[in-house]
Amino acid sequence: MAVIQKHGKSSSPDLVCHKENVAPDKIGAPGCHKKRPEAHSNWPRPVARIWTVVLLLGTCLLYCARVAMPICAVSMAEKFNWTKRESGMVLGSFFWGYCFTQVFGGYVSDRVGGEKVLLLSAAAWGSMTAFTPILAHLCSQPIFSMTLARFLMGLLQGVHYPSLASLCSQKVVESERGFLMSTVGSGSYLGTLVIGGVGSLMLDLYGWESVFYVSGILSVLWAYCMWKYLLKGEGPIITLESLGNGGTQPKLNKRHWARLLKQPAVCAVIVTHLCTASTFFTLLSWLPTFFKDTFPDAKGWVFNVIPWLVAIPSSLFSGCLSDHLISQGFDTASVRKLMQFFSMGVSSVFTVLLCGNTTFSWAVAFVSATMGLTTFSHSGVSLNVQDLAPSCAGALFGIMNTCGAFSGVLMVYFSGYLIEATGSWASMFALITTVNLMGLFTFLAFAEARRVDIDSGRVRHHSIHI
């Protein structure tokens, strides 16, 4: 029987309990005094809706620019006489750059504001995308210039999601974060669909260069519009003084970070996100090969498009459901666990079904259900980091994403080894299920929603059984 807790009326959002003689850097200390005020104000709902649409478009363009190279890789390999190994080196270089700026991007966003980091990075990776064909033609060794360009793209795009997490924790009220993050998260699926359809058409009609030019210019135009109309032309200047003074959030010292990372709830979100990212990267990498090997006569557009069409409304629904439950007074931690249960628990049921002999139609249905349910994590573990540590949500999300990216590439390689060693796709799906369940049990056992980056108060609850 599931238990979802609802906040008692006696709890107060304005007061938390501390001992007055306890130092302010103690985490979870008991006692009683007023909570220190936040150094930021939340967006009104109309403003939050505008930002949601803008960030959705930004994430869509982020993936258009990111997937432009994989879309054009075959044509570029023919043009520049690349081998499979050289093509793999170019494509893989993005990952290494992507890992290195996650924590840095989150840290800077916590200090000066996520909107500034998003603006500067979008202008930079958009320009890099637009200049990619020029670099390829000007350099005598395109393999080196393209490898460097992809590495820089990874560096510049690595700050995007940590900045989103930081911005959301600073500007969006708790009961509306699920909708914003799930909507913005669906931009990744929308961008993959757009570049896969429109990009492939442009590739055939105008050549591979056009894919980079259009996606890059649109990204720069998006950054300009955000600067002009949302930031009102305010200069996105990030100075060393603003980083040192703390900007929008109080700065955490090393002792704070040491204690923060020892919190069971914080360790739980890192482990759970690591498991979620690993299984998602594995499915993303191997599903096209699975369908081609198992159903060689099937049409590629079916299994490359339908799962993403399912993922978009599923992501939006999870955000609306999460916010609705919280607005009705249900305990935030219980809602986050429920969302993660759908993401890792229920989705694993459909993953297990792929281990047996299925028809093509059922395989597409199972994969679509798996990918759709996986998006519920946007309202689960991805938001839980903002519940736990809004003052450093960007940096903490960067740590989570770095761990997830490294573990993801390792699991992709290990899955390939399993498939080759066993000669069966069931081994990969069994591995995905096992990792998912490990992450789910960790999250259900240790996840919380109380703040642990500052002294937290004791909030009384009573249980409602459903």
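- Of the inter-residue distances, the one linking T282 atom OG1 with L287 atom CG reads 9.5 Å to the nearest 0.5 angstrom.
- Aromatic ring pairs are classed by plane angle as parallel below 30°, tilted from 30° to 60° and perpendicular above 60°; the pair W308 and F280 is perpendicular.
- Separation of atoms CZ (F104) and OG (S109) is listed at 9.5 Å; rounding is to 0.5 Å.
- Results of the ring pair (Phe, Tyr, Trp, His ring centres under 6.0 Å) test with Y98 over W96, F94, F95 single out F94 as the only residue that passes.
- Legend: residues meeting salt bridge (Lys or Arg N to Asp or Glu O under 4.0 Å) with R45, ordered by chain and number and at least two apart, are E176.
- Formation of a donor-acceptor pair under 3.5 Å by the Q102 side chain with backbone atoms of G158 is found in this model.
- Under the 4.5 Å side-chain criterion, counting only non-hydrogen atoms from C-beta, M202 is not in contact with L205.
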- prompt: Taking it one step at a time, do E86 and F80 satisfy side chain to side chain contact (heavy atoms under 4.5 Å, CB included)?
  reply: CA-CA 10 Å; E86 290 173 329; F80 301 115; over 6 Å; no
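- In this structure, S315 contributes its side chain and A311 its backbone to no donor-acceptor pair below 3.5 Å.
- Atom NZ of K337 sits about 10.5 Å away from atom CG of L440, to the nearest 0.5 Å.
- Using a distance-only test at 3.5 Å, with no hydrogens or angles considered, a donor-acceptor pair links the side chain of S343 to the main chain of T374.
- Heavy-atom contacts from other residues, nucleotides or ligands closer than 6.0 Å to CZ of F131 number 12 or fewer.
- When all heavy atoms of S87 and W82 are compared, the closest pair comes out as OG-CB, 3.8 Å.
- Both tests do not hold together for R177 against F179: distance to the six-membered ring centre under 6.0 Å, angle to the ring axis within 45°.
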- prompt: T272 and M344: side chain to side chain contact (heavy atoms under 4.5 Å, CB included), yes or no, with the steps?
  reply: CA-CA 9 Å; T272 305; M344 305 182 82; 3.7 Å; yes
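- Side-chain contact between M69 and F212 is present, with at least one heavy-atom pair separated by less than 4.5 Å.
- Under the 3.5 Å distance criterion, the side-chain polar atoms of S322 are left unmatched by any main-chain donor or acceptor of S318.
- Counting heavy atoms from C-beta outward, L230 and V54 have side chains that approach closer than 4.5 Å.
- Closest of all the heavy-atom pairs between R336 and G380 is CD-O, 3.6 Å.
- Side-chain contact between Q263 and C267: absent, with no pair of heavy atoms (C-beta onward) separated by less than 4.5 Å.
- The backbone N or O of G178 sits less than 3.5 Å from a side-chain atom of D323, completing a donor-acceptor pair.
- The distance from the OG1 atom of T332 to the CG atom of N384 is 9.5 Å, given to the nearest 0.5 Å.
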message: Run the side-chain hydrogen bond (donor to acceptor under 3.5 Å, both in side chains) test on H160 and T59 for me, step by step, so that the C-alpha distance in whole Å, both residues' side-chain angles and the decisive distance to 0.1 Å come before the verdict.
response: CA-CA 8 Å; H160 185 82; T59 304; 3.2 Å; yes
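- At distances below 3.5 Å, at least one donor-acceptor pair connects side-chain atoms of S93 with backbone N or O atoms of T147.
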query: Hey, mind stepping through T375 and S314 against side-chain hydrogen bond (donor to acceptor under 3.5 Å, both in side chains) and telling me if it holds?
result: CA-CA 7 Å; T375 64; S314 176; 3.1 Å; yes
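- The shortest non-hydrogen separation linking A268 to A447 is CB-N, 4.3 Å.
- The closest side-chain heavy-atom distance from W125 to S219 is below 4.5 Å.
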task: Verify side chain to side chain contact (heavy atoms under 4.5 Å, CB included) between M153 and T132, making sure each step is shown before the conclusion.
output: CA-CA 10 Å; M153 276 288 291; T132 294; 5.6 Å; no
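- Proximity of I432 to L283: side-chain heavy atoms (C-beta onward) are separated by under 4.5 Å at one or more points.
- Between S166 and A393 the shortest heavy-atom distance is CA-CB, 4.5 Å.
- A parallel orientation is assigned to the rings of F291 and F303, their planes being inclined by less than 30° (bins at 30° and 60°).
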message: As a quick check of understanding, evaluate side chain to side chain contact (heavy atoms under 4.5 Å, CB included) for L61 and S215, giving each step before the final call.
response: CA-CA 7 Å; L61 290 169; S215 57; over 6 Å; no
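- A 4.5 Å side-chain heavy-atom check between L388 and D453 finds every atom pair outside the cut-off.
- The two residues D110 and A395 have their closest heavy-atom pair at OD2-N, 3.0 Å.
- Using cut-offs of 30° and 60° on the angle between ring planes, the pair F100 and F406 is perpendicular.
- In this structure, the separation between CG on L118 and CG on L62 is 9.5 Å, given to the nearest 0.5 Å.
- With S75 contributing its side chain and C72 its backbone, the two residues share no donor-acceptor pair below 3.5 Å.
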query: Taking it one step at a time, do D387 and R451 satisfy salt bridge (Lys or Arg N to Asp or Glu O under 4.0 Å)?
result: CA-CA 6 Å; D387 303 325; R451 288 193 65 168; over 6 Å; no
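- Contact check for M400 versus L274: no side-chain heavy atoms found under the 4.5 Å cut-off.
- One distance of note links CZ of F341 with CG of L373; it measures 10.5 Å at 0.5 Å rounding.
- For the side chain to side chain contact (heavy atoms under 4.5 Å, CB included) criterion with S379, the lone passing option out of M339, Q340, M181 is M339.
- M226 and W51 make their closest contact through SD-CZ3, 3.9 Å (heavy atoms, listed as atom of the first residue, atom of the second, distance).
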